[in-house]
Amino acid sequence: MSRFREYLNAGRGKALPLILLSAYLCFLYAFPRDPFTDASYSTVVLDRSGELLGARIADDAQWRFPPSSPSSVPDRYAKALIQFEDRHFRLHNGVNVLSVLRAAMQNLTEGRVVSGGSTITMQVVRMSRGKERNMGQKALEALLAWRLERLYSKDGILALYASHAPFGGNVVGIDAAAWRYFSHGSDELSWGEAALLAVLPNSPSAIHPGRNRDALLKKRNRLLDRLFEKGFMDASDHSLAICEPLPEEPQPLPHYAPHLTDHYYKTMRGRMVTTDIDLGLQASVSNICDRWNAWLSSGGVADLSAVVIDVHSGKTVAYVGNSRPSDGRPGAQVDIARSPRSTGSILKPFLYCAMLQEGELTPGMLLADIPVNINGFSPQNFDLQFEGSVPSSRALARSLNVPAVFMLRRYGVPRFHALLKDCGMSTLTRSPSFYGLSLILGGAEGTLLDITRMYASLAAAYQGEGYASRFPLHDPVALYLTLDALKDVNRPDEMDWRLISSLRKVAWKTGTSYGFRDAWAVGVTADYAVGVWAGNAQGQGTAGLVGARTAGPVLFDIFNSLPSSEWFSTPDESDGVIAEVCAESGHLMGPYCERADTLLLPLKALQTEVCPYHKPVLLSPDGVWRVDSSYPGAVSGTMFLLPPSMEWFYRNRHPEYRPLPPAAPGIRGSDSYLPMEFIYPESGASISIPRQLDGSVKGVVFNLAHSDPDTEVFWHLDDSYAGSTRYIHQLTLNPPKGRHTLTVVDSDGLSLSIAFTIE
């Protein structure tokens, strides 16, 4: 039994150090390291240089900025604070015993609390706990201060104090105090300002007017005298600091990017966010938007938003979610830059570039610009006119809707839908079939921020910027040809960059949504992408709200405020393929083409169709008649011949166009070239006949184009004769439900049929 007791006693002796070590480690690390874990902080948004863009108050209604790092505590403030609160701060371990004893003696002598003897470390503990002050709490504060000294460096403790000290009213921490009282950051504090903030937590209510500010001023000046005596400042600095007045009422915080600040308040609440915004550029763009908004609002356009992106980095350097947000109008608080809006025509360049890249288009390739009705979808150009056919690059520059629909039909809605998502369009939440062909004309919604980034990526991908390495549009020649076509868009100032050498080149595009609800203008240079949206945040349309006339002038005003940019360098021949294209049709050179242009095209361009419009013909010697080989003196040659539906509209704008002559008497036209073509409907179409307001059914208007306007055309529905037309070949029919065949026969006996279904 005695041996067992000896063994037990020996074990206790060995365990005691372990128990004490465990208790020490538990005391240090079992509790949160940060004494302010329960504190709530303001949301603070900074520009790329650390300048304050805006802030939102903390959840407890205090202006308390997130804690500063030890290195960010201003040197002047640190010296002033140590001299005022704790001159031996760098020497003690959290508790200055001599100061505590001296304070106790003073308090006993005076019969009241004259001095607390608390170190800066103990004050940090007290601020974090917020308990009533008594001897028991004082002892606990001393113990926790000793712990804090083991967990933090001296500079770290200073940073905790600076971030959580009270500075009067609902102002907490030196960063918030510097902005509220001096309208600048704490890193710019003068000696007078630093000394004031050092003494203010000792009597924070004195900062407000009428609260014994003379005593506060004397306290500050005594500290300045001490700093001068200790050699921290020279006589000149001391003299200037003494003359500094106390601040008056707290100042409002900067409000440079209110919608961006709100965004981070919602997504990164209580944090300090350093953005990529350039404060100088932000102020300039905001002023431009405010000025234009004041003018546009008189015409019923209440809201205006703009975004500027650095092409080389892909970073947003200016962000105006909505201009004049504090003017009280209903939609002023809506952040338009992140709000989905109908895109109008703003997505057309991405389809154009994709088709160039995939070898489905060349820049001069003629596209149909004729009336079309695809299962009830009947797009119109903005001017309600048709040109018959137009080169693809010109169709893009002029933002013609009908050619764009034909392009999308050929490319495929699902492919384009997937492409836009890969390009960064985050708002395509529906299936491709939901959008259909209207996807290219504003049938989908996009945000100004997304779309401006997509335009920036076009330029970045061409210039080989790293962040655009995965951008799906990557062929350098296709990208350059797209940017080159966009620089020919007519400017709102009607200036021609070709005639004015000093005028900067901008690749830009406009868009206007259905009902004149959204006006877009997005442009890009080698250095910047700028996006502008104008309209009404609440969605109402406004007559005259057109991208080119409303958002366009704002776009160029912003570009004029940016540093000038060189135009994109031309691509190298090794980036593409040199090919001959027909000078008239823009297709690859065919066997019957007469004039060729030599162009640098994307690598896949050689798989595009050769020219289908130059055809061999036999004409009479005088060229008046189309003949066959039996005709005496028949002359062989080639002609540029468009399909009849395209030719009908093309001839009105191109008087130089020569249609195929009529067949000579006694000679039947060749079936290889039919001089007529249905404009509506297409073969295989399903048609719904709408009822009129009175309930009657008017029928369907069938349209036909014929290259010879003088010819007579005879119409047959199924097996029944339906009528004839001359000059303008339109006929209204009212077929019953079911499948039908429509046949037309011209004066030469040539016939054409289509099948359709009435639903």
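The figures here come from the full heavy-atom set of this structure, side chains too, leaving out hydrogens, waters and symmetry mates. For this chain, numbers begin at 1 and follow the sequence in order.
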Show the numbers, then the answer: is there a side chain to side chain contact (heavy atoms under 4.5 Å, CB included) between V524 and W508?
-> CA-CA 6 Å; V524 64; W508 74 297; over 6 Å; no
Taking the six-membered ring for Trp, are Y77 and F167 parallel (under 30°), tilted (30 to 60°) or perpendicular (over 60°)?
-> tilted
Do the non-hydrogen side-chain atoms of R453 and L449 ever get within less than 4.5 Å of each other?
-> yes
Return the minimal non-hydrogen interatomic distance between T427 and G446, and the atom names on each side.
-> OG1-CA, 3.3 Å
Nearest 0.5 Å, what's the CZ-CG distance between R76 and L81?
-> 16.0 Å
Interatomic distance, S284 atom OG to N560 atom CG [nearest 0.5 angstrom] | 10.5 Å
D276 side chain to V317 main-chain N or O, any donor-acceptor pair under 3.5 Å?
-> no
Are K266 and D335 close enough for a salt bridge, meaning some N to O gap below 4.0 Å?
-> no
May I ask you to check whether E141 and S118 show a side-chain donor-acceptor distance below 3.5 Å?
-> no
Any side-chain donor paired with an acceptor under 3.5 Å for N322 and R329?
-> yes
Decide yes or no on salt bridge (charged side-chain N to carboxylate O under 4.0 Å, His left out) for R64 and D175, but give the supporting numbers first.
-> CA-CA 8 Å; R64 183 189 297 106; D175 293 318; over 6 Å; no
Please check if the side chain of D310 supplies one atom and the backbone of H312 the other of a donor-acceptor pair under 3.5 Å.
-> yes
Are the side chains of R56 and D262 in touch, meaning some heavy atoms are under 4.5 Å apart?
-> yes
How many angstroms lie between CG in N221 and CD1 in I242, if you round to the nearest 0.5 Å?
-> 3.5 Å
If we ignore angles and hydrogens, is there a donor and acceptor under 3.5 Å between the side chains of S40 and D60?
-> yes
Look at the rings of F556 and F559 and say which category their plane angle falls in: under 30° parallel, 30 to 60° tilted, over 60° perpendicular.
-> tilted
Is the shortest heavy-atom distance from the side chain of I309 to the side chain of Y455 under 4.5 Å?
-> no
Between E193 and H184, does a side-chain hydrogen bond (donor to acceptor under 3.5 Å, both in side chains) hold up when you go through it step by step?
-> CA-CA 11 Å; E193 293 166 347; H184 59 69; 3.1 Å; yes
With a 4.5 Å limit on heavy-atom distance, are the side chains of F65 and Y41 in contact?
-> no
Taking the side chain as every heavy atom from C-beta outward, state whether L53 and V44 have any pair of such atoms under 4.5 Å apart.
-> no
Report the distance from atom CZ of R222 to atom CG of L217, rounding to the nearest 0.5 Å.
-> 10.0 Å
Please check if the side chain of D290 supplies one atom and the backbone of S323 the other of a donor-acceptor pair under 3.5 Å.
-> no
Ignoring hydrogens and angles, tell me if any N or O in the side chain of E85 forms a donor-acceptor pair with the backbone of I82 under 3.5 Å.
-> no
With side chains defined as the heavy atoms from C-beta onward, is the minimum distance between H238 and D225 less than 4.5 Å?
-> yes
So how far is it from L304 CG to W295 CH2, rounded to the nearest 0.5 Å?
-> 11.5 Å
Candidate list V320, I288, V307, test side chain to side chain contact (heavy atoms under 4.5 Å, CB included), partner I558, passing option = I288
Backbone of L448 reached by a side-chain donor or acceptor of T452 within 3.5 Å = yes
Lys/Arg N to Asp/Glu carboxylate O, R269 vs D59, below 4.0 Å = yes
For D234, does the CG atom sit with more than 12 other heavy atoms under 6.0 Å from it, leaving out its own atoms?
-> yes
Between the side chain of S239 and the main-chain N/O of S236, is any donor-acceptor distance below 3.5 Å?
-> no
Could you go through the side-chain hydrogen bond (donor to acceptor under 3.5 Å, both in side chains) check for W146 and N93 one step at a time?
-> CA-CA 6 Å; W146 179 84; N93 289 319; over 6 Å; no
Stepwise side chain to side chain contact (heavy atoms under 4.5 Å, CB included) check, E51 with Q282 = CA-CA 12 Å; E51 295 291 334; Q282 175 72 19; over 6 Å; no
Is E248 paired with R213 through a side-chain N to carboxylate O contact shorter than 4.0 Å?
-> yes
Can you tell me if Y467 uses its side chain to pair, donor with acceptor, with the backbone of V311 under 3.5 Å?
-> yes
Thinking salt bridges, do E149 and K154 make one under a 4.0 Å N-O criterion?
-> yes
Donor-acceptor contact below 3.5 Å, side chain D47 vs main chain L279 | yes
Should D450 and R338 count as an ion pair when the cut-off is N to O under 4.0 Å?
-> no
Just wondering, are more than 12 heavy atoms of other shown residues or ligands nearer than 6.0 Å to CZ in R90?
-> yes
Are the side chain of T43 and the backbone N or O of A55 linked by a donor-acceptor pair below 3.5 Å?
-> no
Quick one: does F89's side chain get under 4.5 Å of T121's, heavy atoms only?
-> yes
Look only at the side chain of T316 and the backbone of A318, and say whether a donor-acceptor pair between them is shorter than 3.5 Å.
-> no
Rounded to the nearest 0.5 Å, what separation is found between the OH atom of Y161 and the CD atom of Q123?
-> 5.0 Å
Residues D75, K79: salt bridge by 4.0 Å N-O rule | yes
Side chains of V530 and L562 in contact at under 4.5 Å (non-hydrogen atoms) | yes
